[in-house]
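Labels below follow one simple rule: chain letters A, B, ... track the order of the sequence lines, proteins then strands, and each chain is numbered from 1.
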2 protein chains.
Amino acid sequence: MPEHNSTRHDRDGVARAALLLLDEVGLADLSMRRIAGALDVQPSALYWHFASKQELLAELADRITATMPRADADVLTTARGIRDALFTYRDGAELVLSTSALRLGSSPAQTALESALRRHGADDPENRAAALLHFVLGHATLVQQRMHADSHGATIGDGVHDITAGLDRVFDLGVTALAGTPVADDEVSELPTPRRDRA
Amino acid sequence: MPEHNSTRHDRDGVARAALLLLDEVGLADLSMRRIAGALDVQPSALYWHFASKQELLAELADRITATMPRADADVLTTARGIRDALFTYRDGAELVLSTSALRLGSSPAQTALESALRRHGADDPENRAAALLHFVLGHATLVQQRMHADSHGATIGDGVHDITAGLDRVFDLGVTALAGTPVADDEVSELPTPRRDRA
DNA sequence: ACCTGAACACCGTTCAAGT
DNA sequence: ACCTGAACACCGTTCAAGT
């Protein structure tokens with residue numbers, strides 16, 4: 001059921017319609033002509049609001065990653081927040097990955113990871129944050145593609161549960177390992193990390 | 001300069017031409033019509049060898065990942081070998097990532113990582129291998145896109161050296177962290193679960 | 001076994017012209 | 001400020017027909 005707006009549109013409206021359509025049809029079928037159709041408008045009309053499809057996709061990627069988690073969360077929670085933001089829209093991870101080639105060091109996601117790592121007392125927080133982001137993007141892209149493939153592919157038994165659970169374990173293991181062991185407790189002047197003496 | 005073969009082609013020849021063309025024009029411009037043109041053939045001729053473009057791309061991805069490193073290498077060497085295989089062709093990482101949604105647990109890359117992890121004495125080698133592969137794919141995709149973006153984008157000074165070097169550090173840090181600390185040396189005999197009593 | 005020729009239903013993008 | 005209409009140079013895929 002199309003939108004049928006008799007009003008004219010602005011940049012925000014176009015982006016919102018495109019995001020809705022992305023969730024319906026997926027990235028491969030998200031054409032300028034389809035977006036125009038959803039807005040009851042000629043394809044050429046979109047080029048008043050965006051210079052190119054690439055620019056429109058970049059806007060969508062920015063909107064997807066704009067939903068960033070609490071600023072005071074720990075590393076695992078922050079990483080999960082990023083992953084879940086990518087999961088909010090169909091093919092969100094692939095879209096962000098395709099788009100985030102530029103501006104590698106400045107994304108809000110990487111910033112959030114970096115400060116969480118600093119609170120955690122990890123060494124080399126900049127590079128660790130980058131590695132963590134690369135892992136999350138790769139992982140989320142693969143998981144999302146697999147979900148899509150399973151949904152209309154040959155489903156053998158009910159292995160879906162096991163697969164999803166297994167992938168969640170892979171995610172937690174990856175994030176935990178990449179967060180790193182905090183540096184020696186007595187070296188951290190400002191934020192004394194809890195010592196593990198409960199064994 | 002096109003190929004100009006007057007002979008007919010087989011599946012292997014089509015795949016090789018496509019791989020060559022991929023390196024020249026990149027994934028976005030790798031159309032069936034262009035591949036056909038490189039072979040001096042009508043586009044429809046390709047459909048005798050491959051059922052769809054998707055199937056052809058999957059074949060290319062398989063060929064890219066078929067170059068796997070020595071079977072007895074350590075984890076870092078194995079991971080670097082996978083990354084370098086992805087770097088062999090333009091957009092190789094993106095292509096493999098797009099294609100490897102299916103058959104997640106059976107790739108030769110993951111198998112190589114898993115046995116390297118076992119030799120390293122890491123715990124939970126299956127999930128670690130998966131996490132490692134996700135990281136390598138995400139990292140390589142981002143690096144490769146950035147290389148492409150830099151090559152015809154706004155280059156500020158000579159920051160390319162620093163960027164590449166920084167990304168290499170991120171890669172090594174990520175792989176090392178994901179490889180995990182080996183379990184205590186004297187516990188590794190058969191497989192008795194290690195008790196952590198070294199604190 | 002391998003390819004041509006023609007067709008079908010699509011693409012992104014540009015640009016004069018309308019309101 | 002926002003859109004139409006028409007055009008241009010492309011896509012992937014199918015299918016009868018050729019050799």
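Summarising the geometry, the separation between CH2 on A/Trp48 and P on D/dA1 is reported as 6 Å, rounded to the nearest angstrom. Rounded to whole Å, atom P of C/dC2 lies 13 Å from atom CG of B/Leu39. Here the C1' atom of nucleotide C/dA16 and the OH atom of A/Tyr47 are 17 Å apart, to the nearest Å. Atom P of nucleotide C/dA1 and atom CG of B/Asp10 are separated by 13 Å, given to the nearest angstrom.
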Any N/O pairs under 3.5 Å between the protein and nucleotides 4-11 of chain D? List them or say none.
{"residue": "D/dT4", "atom": "OP2", "partner": "A/Gln42", "partner atom": "N", "Å": "2.6"}
{"residue": "D/dG5", "atom": "O6", "partner": "A/Ser44", "partner atom": "OG", "Å": "2.7"}
{"residue": "D/dC11", "atom": "OP1", "partner": "B/Ser31", "partner atom": "OG", "Å": "3.0"}

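The pair B/Arg90-B/Asp29 does not count as a salt bridge, with every side-chain nitrogen at least 4.0 angstrom from each carboxylate oxygen. Remark: A/Arg169 does not engage B/Glu126 in a salt bridge, criterion side-chain N to carboxylate O under 4.0 Å. Salt-bridge check for B/Asp12 with B/Arg16: passed, with a basic side-chain N closer than 4.0 Å to an acidic carboxylate O.
In DNA chain D, runs of at least 3 stacked Watson-Crick or G-U pairs (N1-N3 plus N6-O4 or O6-N4, or N1-O2 plus O6-N3, all under 3.5 Å) give these stems: C:4-8 with D:12-16, C:12-16 with D:4-8.
When the C1' atom is used for both C/dC10 and D/dA9, the distance is 13 Å, rounded to whole Å.
With B/Glu114 contributing its side chain and B/Ala109 its backbone, the two residues share no donor-acceptor pair below 3.5 Å. B/Arg128 contributes a side-chain N or O that, together with a main-chain N or O of B/Leu178, makes up a donor-acceptor pair within less than 3.5 Å.
Around the CZ atom of B/Arg118, the shell of radius 6.0 Å holds more than 12 heavy atoms that belong to other residues, nucleotides or ligands. Annotation for B/Arg63: atom CZ counts as buried by contact number, over 12 foreign heavy atoms lying within 6.0 Å.
A/Leu173 and A/Phe135 end up in different hydrophobic clusters when Ile, Leu, Val, Met, Phe, Trp and Tyr side chains are linked at under 4.5 Å.
OP1 or OP2 of C/dA1 has not a single side-chain nitrogen or oxygen of B/His49 nearer than 4.0 Å.
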